[in-house]
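Heads up: the structure comes next, in structure tokens.
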Amino acid sequence: MSIPARLNEVLNELPAIQARPAGARRVRVDVAPQGLPALLELLKGRLGFIHLSAISCVDWIEDGQFELVYHVWSHEMKLLVSCHVRIAREPGVYVSVHDIHEPAGFFERDIHEMFGVHFDGAPSMEKFILTSWEGPPPMRKDFNTRKHVEETFEWVDYRPDWLKDIERKGGGIES
Amino acid sequence: MRLLADIVLMPLIAFITGLFLVLMYRRVRAKIERRVGPPFFQPVYDIVKLFAKKTQISHGVMHDLSIVLLLGGYITAEIFLPVPGFKGLAEEGDLLTLIYIMMVPMLGLALGVGSCANPNGSIGISRALTAMLAYDVPLAVAIIGATMTYGTTNLVEIVRIQQEGGMATWGIATMPLLAIGGYLAVHGMFGKEPFEIYIAPAEIATGPMVEMSGKYMGALFIMQCFQLYTIGVLYVTLFLGGGENWPLFLIKVAAVVFISVAVTNVYGRYRTDKVVRWMWKWPTGIALLGLALVMAK
Amino acid sequence: MTDKPLKSHVRPPQDTMPGGAGQGCPAPDAQTRSIWRRIMDDFADHCRARSLFVLHYCTGCGAIELPPTITSRFDMERVGITPMVTPRQADILLITGYLSLKTLKRVILSYEQMQGPKYVLGFGSCTINGGMYWNSYATMKRLDQYIPTDLFIAGCMPRPEAVQQVLLKLIEDIDAGRANAWQDYYRNYDFYLGNQQRLFGAGWNTPTDVIGEARHYGYYGPGTEGEHTRLLAEGGGSAARLAHAEYPSTALTGRIKS
Amino acid sequence: MTTPQVPDPATLAPSEEYDLYFGPNHPGIEGNYSVRVRLKGDVICQAVADGGYLHRGFEKIMEDRLWVQNIALVPRICVPDPVPMEESYARAVEMIGGLEVPLRAQWIRVLMLELSRICAHLFTFGGNAATIGLYTNMFWGVTMRDLFLDIFEEITGARIYHIYITPGGVRRDLPEGVLERIEALLVELEERMPQFEDLFFNNAVVIDRATGTGRMSAEEALAWGVTGPNLRATGVASDVRRDDPYLVYPQVDFDIVTETGGDALARMMVRKGEVVQAVKIVRQAIAALRKVGGPVRCELPNPLAWDLPAGDAYARTESSKGELGFYIVSNGGPRPYRVHVRGASSMHAVQVLEKLLVGSRIEDVAQIMFSLDACPPEVDR
């Protein structure tokens with residue numbers, strides 16, 4: 001496993017980039033936030049990375065950062081490059097890459113909804129899934145889904161007779 | 001007194017026959033789809049259930065009135081049909097009256113659906129009227145041809161001419177092209193695939209029926225019974241020699257409906273414009289050719 | 001049903017609940033009906049039980065087991081069950097699995113549009129107690145808090161045989177005149193509305209005038225109105241408000257040219 | 001709830017356009033989904049997809065559960081085609097943990113994946129035919145699929161959610177005699193394929209309705225991020241199984257089915273071809289399974305106290321809808337730190353659908369959606 005020479009060549013043209021192979025047909029690239037659009041543009045133009053497979057967001061709450069991962073795939077090189085960017089958790093603003101990869105519109109909208117990251121220049125930052133949701137962006141680590149559920153919903157108290165019998169004898173499922 | 005009995009009995013018989021036709025339609029469909037199908041009394045259960053609904057939404061006077069027009073139109077049509085053993089008004093009315101009355105239910109439905117304010121219903125009814133426009137052209141040609149052949153528009157007379165001469169004078173033998181064109185138009189009148197775009201569930205959520213509930217829906221189910229029967233009888237009268245006696249008559253009506261419901265299950269539905277184009281091309285063309293032959297005679 | 005009182009308020013006494021004592025047809029109760037009326041009611045129940053239209057609404061993942069149930073292998077038309085397209089035409093609301101809050105709103109709207117007698121079947125463990133998604137912020141946990149439910153099917157997901165069995169049980173119940181949970185929605189509207197408001201906020205409103213219907217059809221009960229229904233009157237809401245709340249800003253609000 | 005400002009319809013300018021809601025409660029919509037279309041006459045001039053009706057917050061609740069508990073959760077993300085979900089999750093975990101899957105387990109997984117593909121495509125045949133009123137095909141297709149579900153039930157104990165593929169292999173070995181039964185079923189499927197062919201692909205009405213419906217070119221498809229059968233229907237031979245192979249797919253002999261039409265008909269033709277290819281792959285898997293023995297699962301630590309090493313992995317799988325991606329981040333704990341699911345339909349159920357609908361007509365909305373094989377649950381997650 002090593003980085004193909006053609007890819008290395010392109011990566012060397014940009015400053016502040018770290019790349020390392022991450023498994024078969026996988027390359028991990030760490031890039032500074034301001035360098036990402038240029039990197040995607042170069043990869044797309046020079047090496048045929050035209051397919052944006054996904055944009056993932058990871059909430060590193062202890063570091064106070066969001067990590068955005070752009071997975072791009074080249075049909076020519078048969079290679080998946082994951083470009084990792086870290087942005088500050090507050091205010092959580094980044095630029096849209098919709099002009100480079102059209103599918104980015106969907107993923108950015110999704111991340112905006114789930115994490116509250118705002119993408120400048122994105123075609124739509126409206127809610128798509130959580131139109132009935134008024135709480136904080138739910139995928140953030142500081143939102144506790146279990147606590148929310150306990151506060152919002154009721155449970156059926158399932159306690160059949162046989163269980164009550166067992167409990168009377170000192171057993172049961174609750175510790 | 002005789003007339004009064006006829007007025008009551010003829011629609012009743014039509015309704016009961018229609019129930020059987022609906023049952024046949026559903027059973028045939030089930031068999032083609034490789035399953036068992038509904039039980040014997042299913043059409044009755046459906047209608048009684050719908051009329052026994054305990055709550056009911058109405059969308060205004062027009063909506064209620066449409067049901068009256070809907071059922072009234074068909075019940076009136078039944079009385080004008082020449083069936084064995086009943087006189088009804090078949091002698092007094094004629095083919096043109098019948099065709100005219102048969103348009104009333106669809107227009108009634110259009111009025112009612114218009115007051116529901118559901119866009120699916122409005123789209124559906126506009127499609128339905130377009131489809132009516134499409135299949136009425138070949139039907140009209142077939143009817144003109146038939147009247148020219150028989151020399152009368154009196155339905156009882158038409159039946160008598162065909163029955164006196166035996167099978168050789170049946171419309172289907174004397175004017176086969178008109179019979180074919182007429183049948184294709186009748187298939188469109190049944191409102192089955194490929195000409196059922198106006199109730200397409202996947203597109204406009206059953207169109208005109210979208211806001212119909214309880215008793216309104218029940219009335220539509222009854223209308224379906226009348227519709228299958230009336231159209232079947234009309235075709236039998238024009239091209240299949242009418243009814244000599246009840247068993248033979250019912251077999252003929254059932255055969256007309258059966259062919260239609262058997263064919264419908266292997267087709268999807270055409271788009272509205274395609275329905276019009278198809279109807280004005282093939283059935284109309286065939287019927288016009290038949291008309292030319294009839295006129296040449 | 002839970003023994004534990006709900007957080008918002010306590011449910012009305014047990015005997016007004018479905019399956020409890022004193023259930024039956026509303027206006028003339030079972031004892032005072034004339035013989036003629038009783039025969040008619042029995043006949044109607046008989047037909048109701050054998051002609052059931054299921055609302056074609058795939059609310060959750062259980063919908064994947066409905067096509068097998070309806071199609072050739074298990075063929076539900078044998079017992080008179082067919083899918084129907086709009087809530088107006090349907091008798092059964094089959095809740096196929098979890099309901100996200102967004103869907104729950106639609107389900108309530110659909111339910112209120114259906115004409116009584118109507119039946120609700122909770123399909124899958126998620127409708128009973130949240131099931132797999134017990135800790136999900138997005139799905140509701142107990143269906144019977146929001147709309148009255150006749151029967152539940154346990155399992156994730158229930159097999160077509162289980163669906164058939166519950167439908168046969170429903171047929172049996174209707175035949176015996178027991179499946180009257182839908183009347184509970186009128187009688188205890190305040191309870192259901194209260195639970196709905198807890199999820200959707202005090203401004204929650206539906207276009208159907210449930211209280212008016214309850215009065216009109218004779219299902220008005222002590223639990224029909226209460227503190228929660230008073231909020232309705234204050235809001236004075238309309239259907240249009242609800243629809244637009246769901247579709248903000250780019251609202252395509254055109255008007256048909258007349 | 002805040003009270004939104006509702007404009008009074010009387011104050012709006014008169015317009016020839018009107019809105020129509022497709023869904024969520026609409027038989028022409030696949031699953032629980034909604035498309036709001038703005039119409040001018042019969043023609044759509046704007047379409048807005050509206051999802052989230054099936055949102056369960058998978059990505060969140062998976063962070064709350066152990067690595068093994070999540071195995072039960074993942075198939076539920078996409079209901080009609082759950083096996084690729086299990087496979088992607090398992091493989092991503094294997095990539096992070098460096099687990100080696102035994103050869104026999106790899107073949108079993110291929111077998112399951114392809115059977116699932118057949119099921120999903122049969123389901124789509126049926127659904128697509130029903131959108132244009134050809135219900136007979138739906139009845140036949142769903143029933144045929146049901147016979148495959150029996151095989152799944154025999155192997156895994158469940159019809160839909162198998163929870164069978166686990167990180168490191170599969171849950172248990174195949175039962176005795178199931179390979180013969182699969183072979184018999186494949187023969188039956190091949191006997192019935194001509195019937196589907198006659199009923200659907202040679203049907204004048206279907207050809208009339210599907211030709212040119214929802215057409216996209218190869219350039220558009222690539223730019224819009226379309227994957228899977230929908231991309232192959234435009235003539236691009238792209239398949240994750242071939243380009244980014246996983247399991248034993250490099251050893252499997254199969255063709256990538258392509259069509260050039262790019263319309264609804266071409267998409268269904270591709271699916272038909274893929275069923276044939278899947279049958280071929282299943283046969284190869286059966287032959288291999290007869291030869292390859294050994295364990296079906298590698299050694300795993302106590303699943304209740306299983307800490308995966310820190311790291312991240314992106315696993316791609318070719319599901320019946322397209323490219324499915326699982327991005328998993330582990331921080332060395334007993335639970336995933338973050339799971340991101342790239343649903344195979346996330347492109348063609350939202351952005352692409354919105355684009356394709358513009359200019360088409362009301363009657364084609366359902367058909368376009370079904371021919372794209374959009375799967376709302378994996379969009380909403």
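Sequence lines set the chain letters: A, B, ... in the order given, protein chains first and strands last, and positions in each chain run from 1.
Contacts of residues 80-95 of chain C with chain D at a heavy-atom distance below 4.5 Å involve C:Val85, C:Pro87, listed in sequence order. Of all residues spanning residues 126-139 of chain D, those with a heavy atom less than 4.5 Å away from chain C's heavy atoms are D:Met138, D:Phe139, arranged by number. At a heavy-atom cut-off of under 4.5 Å, chain D is reached by no residue from residues 118-131 of chain C. Contacts from residues 141-155 of chain D to chain C, taken as heavy-atom pairs separated by less than 4.5 Å, involve D:Val142, D:Thr143, D:Arg145, D:Asp146, D:Leu147, D:Asp150, D:Glu153 in sequence order.
Of the listed residues C:Leu55, C:Ile70, C:Ile64, the one with more heavy-atom pairs under 4.5 angstrom with chain D than any other is C:Ile64. Annotation: maximal heavy-atom pairing with chain D below 4.5 Å, among C:Pro160, C:Ala63, C:Ser110, C:Gly97, occurs at C:Pro160.
Within the 3.5 Å criterion, the main-chain N or O of C:Tyr98 finds no donor-acceptor partner in the side chain of C:Ser100. Judged by distance alone, with hydrogens and angles left aside, the side-chain atoms of D:Asn70 form a donor-acceptor pair with the main-chain N or O of D:Met62 at under 3.5 Å. Here the side chain of D:Glu59 pairs no donor or acceptor atom with the backbone of D:Arg381 at under 3.5 angstrom. Using a distance-only test at 3.5 Å, with no hydrogens or angles considered, no donor-acceptor pair links the side chain of D:Gln46 to the main chain of D:Arg38. Looking at C:Thr103, its side chain does come within 3.5 Å of a backbone N or O of D:Tyr53 through a donor-acceptor pair. Between the side chain of D:Lys321 and the main chain of D:Leu372, no donor-acceptor pair closer than 3.5 Å is present. With D:His121 contributing its side chain and D:Cys119 its backbone, the two residues share no donor-acceptor pair below 3.5 Å. Between the side chain of D:Arg56 and the backbone N or O of D:Arg76 there is at least one donor-acceptor pair closer than 3.5 Å. Between the D:Arg171 side chain and the D:Ile163 main chain, a donor and an acceptor come within less than 3.5 Å of each other. The backbone N or O of D:Ala120 sits less than 3.5 Å from a side-chain atom of D:Thr124, completing a donor-acceptor pair.
Taken from CG in D:Leu357 to CZ in D:Phe22, the straight-line distance is 8.5 Å, to the nearest 0.5 Å.
Of the atoms belonging to D:Arg159, it is side-chain heavy atoms, and not backbone ones, that fall under 4.5 Å from chain C. Within the 4.5 angstrom heavy-atom criterion, atoms from both the backbone and the side chain of D:Leu54 approach chain C. Looking at C:Ser72, both its backbone and its side chain come within 4.5 Å of chain D, counting heavy atoms on both sides. With a threshold of 4.5 angstrom between heavy atoms, D:Ala72 approaches chain C through its backbone and through its side chain. Contacts between C:Leu101 and chain D at a heavy-atom distance below 4.5 Å are absent for every atom of the residue. Neither the backbone nor the side chain of D:Tyr33 comes within contact range of chain C, judged by heavy atoms closer than 4.5 Å.
Between C:Lys102 and D:Asp380, none of the side-chain N atoms (NZ, or NE/NH1/NH2) sits under 4.0 Å from a carboxylate O, so this pair counts as no salt bridge.
D:Lys60 forms no cation-pi arrangement with C:Tyr137, by the criterion of a distance under 6.0 Å to the ring centre and an angle within 45° of the ring axis.
With contacts defined as side-chain heavy-atom distances shorter than 4.5 Å, the pair D:Glu378/D:Met85 qualifies. Side-chain contact between C:Arg142 and C:Asn195 is absent, with no heavy atoms from C-beta onward closer than 4.5 Å. You'll find the side chain of C:Arg198 stays beyond 4.5 Å of the side chain of C:Tyr146, heavy atoms only.
Side-chain polar atoms of C:Tyr192 and C:Asp184 form a donor-acceptor pair below 3.5 angstrom.
Scanning all heavy atoms of the two residues, the minimum distance from D:Leu353 to D:Ala349 falls at CD2-O, 3.5 Å. Here the closest heavy-atom approach between residue D:Ala374 and residue D:Pro376 is recorded as O-CD, 3.5 Å.
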